[in-house]
Amino acid sequence: MRAGGFLIPLLLLLAGCKPEPEAPALALQPVPVQERLPAPAPVLEPGRVSIRGDDALADVLSWTLPEARIDQPARARANARRALAKGDLFETGESAIPLLLALRKLEPDSAQDARLLEKARAALLAQAWMALDAGEDLASLRYAQRHGTVLRTLWPELPEAKTYLDAVDRAGQAFDLCLAGERALRAGNLDAPGGALELFRQAQALWPLQTRAQRGIAAVEAAVLVEAQALAAGGDFEGAYAELARAGRVRNDAEAITATRQRIEAMRTDRIRRLGDEGLMALADPAGLQFARERLAEILRIALPGTGAGVALRQRIDLVGHYGLFRPGQVFTEEMQAGGRGPALSVLPRGGFMMGAPEDEEGATLDEQPRHQVRLDRGFAMTRHEITVGQFRRFVQATGFVPRATQRGHSLAYDARSGNFLRGSGIDWQSGYDGRPAADDMPVIHVTARDAEAYAAWLSAQTGAHYRLPSEAEFEYALRAGGQALYPWGAGAPPASVGNLAGGRDVSARGRRWSNAFLGYGDGWWGPAPVGSFAPNAYGLYDMAGNVSEWVADCWHRGYRRAPANGQAWVNPGCRTRMYRGGSWASAPAQARSAWRASGGVDVTNARVGFRLVRQL
């Protein structure tokens, strides 16, 4: 019995059923006798141990009339009245009944003494019934039995006395049964034949006013409900519900059973959650796949049919080989050792696409062909925004790294007076497109691919994950976001506010307009915009179609012949020319195409190229 040990005594205490100590008689005041008798009850089974066998009860049942000495009848009568008023009826020679009986013997014709004795007898019956009504503990029951002894001794033929004596006898038997039931309850013998439940029910039948029996039955039910919860805590929910049904046969307390059922279901939910968490945590290591499958099997065993429990773990088991602990579409950041969080990332789904431009695509070049199938069998995460000036600043301050433009002392920036890109002194990663200081939420520009890789290495060390530049295939896959059209947004003109593009309605501070732009389009920016100023694409990535072009990991190759088909970067050791992809704020419409690609030297920095990173899963 799992609910044994200290738990059964606790249930008894909570139910009000506790071992009975020896106690003195109670001093109860007389009250009018009321109707209080229970219906006739079954006779106690032969051989049942009665409380009358208790040695301590011998004193209760051995009452004899105390001797009352009457020297002065008037004084004795006054003393009897005072004792009667105090409820002191029979225990000593100075109690009311011994005095009045002695007076009756001395003066048998005294009507006054006869009336007083009748009042004393009525008070005795009132006290007796009060004691019996309070007979939830041994002291009260013995007090009631002592009253019965007095009545049996003095007025055995009185109908009221006979009625009381029958009642107190049945109450005593019920009390015995309650004690036996409590012993059975402590022993864990709950509802088997002869167990606690049967004993409490017999007590209740003998004396329905015995609330101790009712509490005992409630304690049996509570013990069964505790066992149900213990089984649920151990994962045996079928057994737990069998115990709930058992509890319903004990007392059928709908409120208690419903509350326990809710706790069991909460345990089931919590266990399923913990099993799922354990399985997911195990999937951080490929060796934990079998453990995760075992947890999934346990979830399916204990879950209710049709609840869909374990779906998340099943999906993660299916996807762990492709996404690690992540899932497609998930957005997350990572804690950095130096404090704070890294850039926000979006998990891209694995899949395939046709990379490059078809032969008949308007504006296409041979460098974008042949169009070929690329399959990315493993998902990856990409920073949602281009890396910002503020993020890059933290890296430079933490490491003391000196980017190439800072070393060199110049970069290419937009000249507002001429409308051209010119080399300007003192321009580096802290500068905007026009050479002036850039705000922290602007995309970092005037950086090389090697600067970007240095930032990626630092971020990797800070987070414990692997950050890198995306491959050219990964970038185009992310840029297309499931589409295969001419532009990232589709085949036609750009929809309103799709991105920071060169639009025919854009005007510089000096009134210049683009000579080769999307007619009728305007985004309100001449130069880069703060990252995330426009809506994300279908993969949750911002500014893929414009704002700034971005470095990728690949070296320059003319065309795609012999290009990797698995999405990996196409690199040559020591290459001096790197690739960048994606349109910018100053790109002509042909350069905003999904297939457009361009190259730049490893030392090139300008106002149009920044970067974002991939985090391997």
Side-chain angles (χ1 to χ4, degrees), residues 348 351-376 380 382 386 449 452 469-494 498-503 514-518 521 537-539 541 543-572 575-602 604 606 608-612 614:
L348 277 62
F353 75 109
M354 294 301 295
M355 184 176 181
E359 294 181 0
D360 59 349
E361 182 173 290
E362 182 180 357
T365 68
L366 293 176
D367 291 339
E368 301 163 3
Q369 296 169 351
R371 193 176 188 221
H372 58 290
Q373 178 73 35
V374 173
R375 182 73 189 175
L376 295 95
F380 60 95
M382 181 175 277
E386 296 143 339
L469 285 174
S471 71
E472 192 176 355
E474 287 171 335
F475 191 95
E476 185 172 330
Y477 177 73
L479 175 70
R480 292 184 181 274
Q484 289 289 172
L486 175 65
Y487 297 110
W489 57 83
V498 72
N500 185 4
L501 306 166
W514 299 112
S515 60
N516 186 7
F518 289 103
Y521 182 78
N537 69 6
Y539 287 166
L541 304 173
D543 302 318
M544 294 294 293
N547 214 30
V548 297
S549 300
E550 301 173 23
W551 289 112
V552 294
D554 300 59
C555 295
W556 163 252
H557 292 88
R558 187 175 295 279
Y560 289 130
R561 296 195 183 279
R562 297 186 302 278
N566 60 1
Q568 292 183 353
W570 193 6
V571 297
N572 300 322
C575 71
R576 302 291 298 173
T577 306
R578 301 288 289 271
M579 300 298 301
Y580 57 88
R581 295 294 304 264
S584 77
W585 59 275
S587 297
Q591 297 169 328
R593 291 178 300 110
S594 301
W596 180 76
R597 59 199 295 255
S599 61
V602 292
V604 169
N606 60 57
R608 296 173 57 177
V609 183
F611 70 97
R612 73 178 71 217
V614 158

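The structure displayed is predicted, hence computed values, not measured ones.
In this structure, Arg480 contributes its side chain and Ala485 its backbone to a donor-acceptor pair below 3.5 Å. Judged by distance alone, with hydrogens and angles left aside, the side-chain atoms of Glu476 form a donor-acceptor pair with the main-chain N or O of Gly356 at under 3.5 Å. A donor-acceptor pair is defined here as one N or O able to donate and one able to accept, closer than 3.5 Å; no such pair exists between the side chain of Ser587 and the backbone of Ala592. Under a 3.5 Å cut-off, the side chain of Ser599 and the backbone N or O of Met579 do not form any donor-acceptor pair. Panel note: side chain Asp554, backbone Glu472; a donor-acceptor pair is recorded below 3.5 Å. With hydrogens and angles disregarded, a donor-acceptor distance shorter than 3.5 Å links the side chain of Arg581 to the backbone of Ser594. With hydrogens and angles ignored, the 3.5 Å screen pairs no side-chain donor or acceptor of Gln369 with any backbone N or O of Leu366.
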Notebook entry, point to check: How far apart are the C-alpha atoms of Glu550 and Val552, what are their side-chain angles, what is the distance that settles it, and do they pass the side-chain contact (heavy atoms from CB on, under 4.5 Å) test?
Noted result: CA-CA 7 Å; Glu550 301 173 23; Val552 294; 5.9 Å; no
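Considering only residues two or more places apart in sequence or on other chains, Arg576 meets the side chain to side chain contact (heavy atoms under 4.5 Å, CB included) condition with Arg450, Val602, Asp603. Scanning for side-chain hydrogen bond (donor to acceptor under 3.5 Å, both in side chains) contacts around Glu368 gives Arg593, with sequence neighbours left out. For Trp570, the ring pair (Phe, Tyr, Trp, His ring centres under 6.0 Å) partners are His557, not counting sequence neighbours.
Ring orientation note: the planes of Tyr487 and Phe518 are nearly perpendicular, at an angle over 60° on the 30°/60° scale.
Between Phe475 and Met544, the closest side-chain pair of non-hydrogen atoms falls below 4.5 Å. Residues Asn516 and Pro589 form a side-chain contact, since some pair of their non-hydrogen atoms from C-beta on lies under 4.5 Å apart. Side-chain contact check for Asp367 versus Trp556: some heavy-atom pair is nearer than 4.5 Å. Within the 4.5 Å cutoff, no side-chain heavy atoms of Leu348 are placed close to those of Glu474. Looking only at side-chain heavy atoms (C-beta outward), Met355 and Arg371 stay at 4.5 Å or farther from each other. Two residues are said to be in side-chain contact when any heavy atoms from C-beta on lie closer than 4.5 Å; Met382 and Phe380 meet this criterion.
In this structure, Ser471 OG and Tyr477 OH are separated by 11.5 Å, a value rounded to the nearest 0.5 Å.
For Tyr521 and Trp489, the ring centers sit 6.0 Å or farther from each other.
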